[in-house]
Amino acid sequence: MKTVAGTMAFITGGASGIGLGMARALAAQGARIAVCDVRADHLAQAAQVAADEGWADRFRALQLDVRDRDAFAAALDEAEAALGPLQILINNAGIGIQGPVDEATYADWDWAIGVNLMGVVNGLVSGLPRIKAHGLGGHVVNTASQGAIMQARATRGVYAPTKAAVISMTEHLKLELDVKGGAIGATVVCPGPVRTNIEETEQHRPAEFQVDTPFRHRDETPPPGALPPTAPGFWLDPLTVGEMTVDAILTGKLYVITHPAFIGSVKARHAGIEAAMAEDYLPR
């Protein structure tokens with residue numbers, strides 16, 4: 001895309017954290033913003049941000065649980081009726097479920113997959129046909145996690161696989177869209193530590209996914225070789241990630257990787273894979 005000015009951007013999980021940072025960065029360049037979120041209090045806060053920053057006249061707040069396919073389509077209908085045709089679809093909603101994978105229950109898996117993976121699927125199935133139909137071009141952004149490409153770490157065994165699936169999905173999506181002419185782009189955002197409210201995940205676990213011992217374990221230790229959590233630049237402002245995302249939309253980048261300091265962990269993971277591929281398993 002050459003510009004985001006005048007386009008309509010639909011952002012799930014957009015009323016706080018990274019989603020709101022994306023909304024603010026897009027709005028600063030003239031986009032019309034539909035922000036969706038499951039939390040009404042966050043939607044009210046996002047509306048206040050839009051008013052304070054001068055883009056309330058091109059803002060729409062919509063309450064949405066991304067697991068609900070009918071509601072997803074209805075939210076897109078409402079957003080398009082108010083703000084124009086969908087051009088930028090941002091599947092950002094996610095939950096930061098954490099805990100040891102060997103203790104995970106069906107409820108933990110169903111909740112994590114339902115939001116982090118199927119929420120993206122629902123966005124693609126509901127939104128992509130709309131972008132294709134109007135012929136104006138557009139862009140899809142899916143939010144994953146930098147942790148999904150790094151070495152395995154304790155307490156990430158349910159969260160990281162859902163985000164790894166989103167990365168793979170977006171890689172395939174971009175390849176397929178490019179083959180079909182390149183009028184629609186695709187980007188996967190892989191954030192490292194960002195100042196969000198992800199630590200509140202367990203406070204808002206839906207009743208149908210409650211378990212006797214929910215995942216409540218957080219591991220804030222950085223990966224080997226990375227900056228310590230107190231170092232400048234470790235915790236990013238969500239607006240910074242939003243600005244990185246807008247740049248990726250305008251330049252057609254596939255990946256947004258927020259923390260290059262974590263490259264050692266990525267290399268170590270890849271080294272293990274490469275070493276396994278170099279082994280000779282054939283009978284001698």
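FYI, side chains are in, hydrogens and waters are out, and symmetry mates aren't considered; it's all heavy atoms of this structure.
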Between [X] (side chain) and [Y] (backbone), is there a donor-acceptor pair under 3.5 Å?
{"X": "Gln63", "Y": "Asp37", "answer": "no"}
{"X": "Asn116", "Y": "Lys163", "answer": "no"}
{"X": "Gln29", "Y": "Ala5", "answer": "no"}
{"X": "Asn122", "Y": "Met118", "answer": "yes"}
{"X": "Arg156", "Y": "Ala152", "answer": "no"}
{"X": "Thr162", "Y": "Tyr159", "answer": "yes"}
{"X": "Arg58", "Y": "Ala27", "answer": "yes"}
{"X": "Gln146", "Y": "His259", "answer": "yes"}
{"X": "Arg32", "Y": "Gly6", "answer": "yes"}

Could [X] and [Y] be called an ion pair, given the rule that one side-chain N must be under 4.0 Å from one carboxylate O?
{"X": "Arg67", "Y": "Asp110", "result": "no"}
{"X": "Asp52", "Y": "Arg24", "result": "no"}
{"X": "Glu274", "Y": "Arg269", "result": "no"}

Measure across [X] and [Y] and return the closest heavy-atom pair with its distance rounded to 0.1 Å.
{"X": "Val66", "Y": "Phe72", "value": "O-CD1, 3.8 Å"}
{"X": "Ala165", "Y": "Leu117", "value": "CB-CD1, 3.8 Å"}
{"X": "Ala104", "Y": "Val158", "value": "CB-CG2, 3.8 Å"}
{"X": "Val35", "Y": "Ala15", "value": "CG1-N, 3.5 Å"}
{"X": "Gly13", "Y": "Ala93", "value": "N-CB, 3.7 Å"}
{"X": "Leu239", "Y": "Ala25", "value": "CD1-N, 3.9 Å"}

**Q.** Worked verdict on Ile88 versus Ile249 for side-chain contact (heavy atoms from CB on, under 4.5 Å)
**A.** CA-CA 9 Å; Ile88 301 173; Ile249 292 171; 4.0 Å; yes
For a quick check under 3.5 Å, do [X] and [Y] share a side-chain donor-acceptor pair by atom type?
{"X": "Asn142", "Y": "Thr170", "value": "yes"}
{"X": "Thr105", "Y": "Asp108", "value": "yes"}
{"X": "Gln210", "Y": "Arg205", "value": "no"}

So do [Y] and [X] actually touch side chain to side chain, heavy atoms under 4.5 Å?
{"X": "Pro129", "Y": "Lys132", "answer": "no"}
{"X": "Asn91", "Y": "Val141", "answer": "no"}
{"X": "Ile18", "Y": "Pro191", "answer": "yes"}

Cluster link [X] to [Y], ILVMFWY, side chain under 4.5 Å:
{"X": "Trp109", "Y": "Met169", "result": "yes"}
{"X": "Val115", "Y": "Ile113", "result": "yes"}
{"X": "Leu62", "Y": "Leu26", "result": "no"}
{"X": "Val4", "Y": "Ile11", "result": "yes"}

Q: Answer yes or no: does atom CD1 of Ile263 have more than 12 heavy-atom neighbours from other residues, nucleotides or ligands under 6.0 Å?
A: no
(Q) Just checking His134: does its NE2 atom have more than 12 heavy atoms from other residues, nucleotides or ligands closer to it than 6.0 angstrom? (A)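 It does: His134 NE2 has more than 12 such atoms within range.
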From [X] [atom1] over to [Y] [atom2], what is the distance, rounded to the nearest 0.5 angstrom?
{"X": "Cys36", "Y": "Asp65", "atom1": "SG", "atom2": "CG", "value": "11.5 Å"}
{"X": "Gln48", "Y": "Glu53", "atom1": "CD", "atom2": "CD", "value": "10.5 Å"}
{"X": "Leu128", "Y": "Leu173", "atom1": "CG", "atom2": "CG", "value": "6.0 Å"}

Q: Apply side chain to side chain donor-acceptor pair (under 3.5 Å) to Ser145 and list each qualifying residue two or more places apart in sequence or on a separate chain.
A: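 Here no residue qualifies.
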(Q) Before you tell me yes or no, could you show the steps for Glu171 and Ile167 under side-chain contact (heavy atoms from CB on, under 4.5 Å), namely the whole-Å CA-CA distance, both residues' side-chain angles and the distance that decides it to 0.1 Å? (A) CA-CA 6 Å; Glu171 290 168 339; Ile167 294 172; 3.7 Å; yes
(Q) Between Arg39 and Asp41, is the salt bridge (Lys or Arg N to Asp or Glu O under 4.0 Å) condition met? List the steps. (A) CA-CA 5 Å; Arg39 292 183 56 174; Asp41 57 334; 2.7 Å; yes
Q. Which residue, Thr7, Thr187, Thr245, forms the side-chain hydrogen bond (donor to acceptor under 3.5 Å, both in side chains) with His139?
A. Thr187
Q) Hey, mind stepping through Val188 and Tyr255 against side-chain contact (heavy atoms from CB on, under 4.5 Å) and telling me if it holds? A) CA-CA 5 Å; Val188 61; Tyr255 304 105; 3.7 Å; yes
Q | Chi angles and distances behind the side-chain contact (heavy atoms from CB on, under 4.5 Å) call for Met22, Thr143 | A | CA-CA 11 Å; Met22 292 172 173; Thr143 300; 3.6 Å; yes
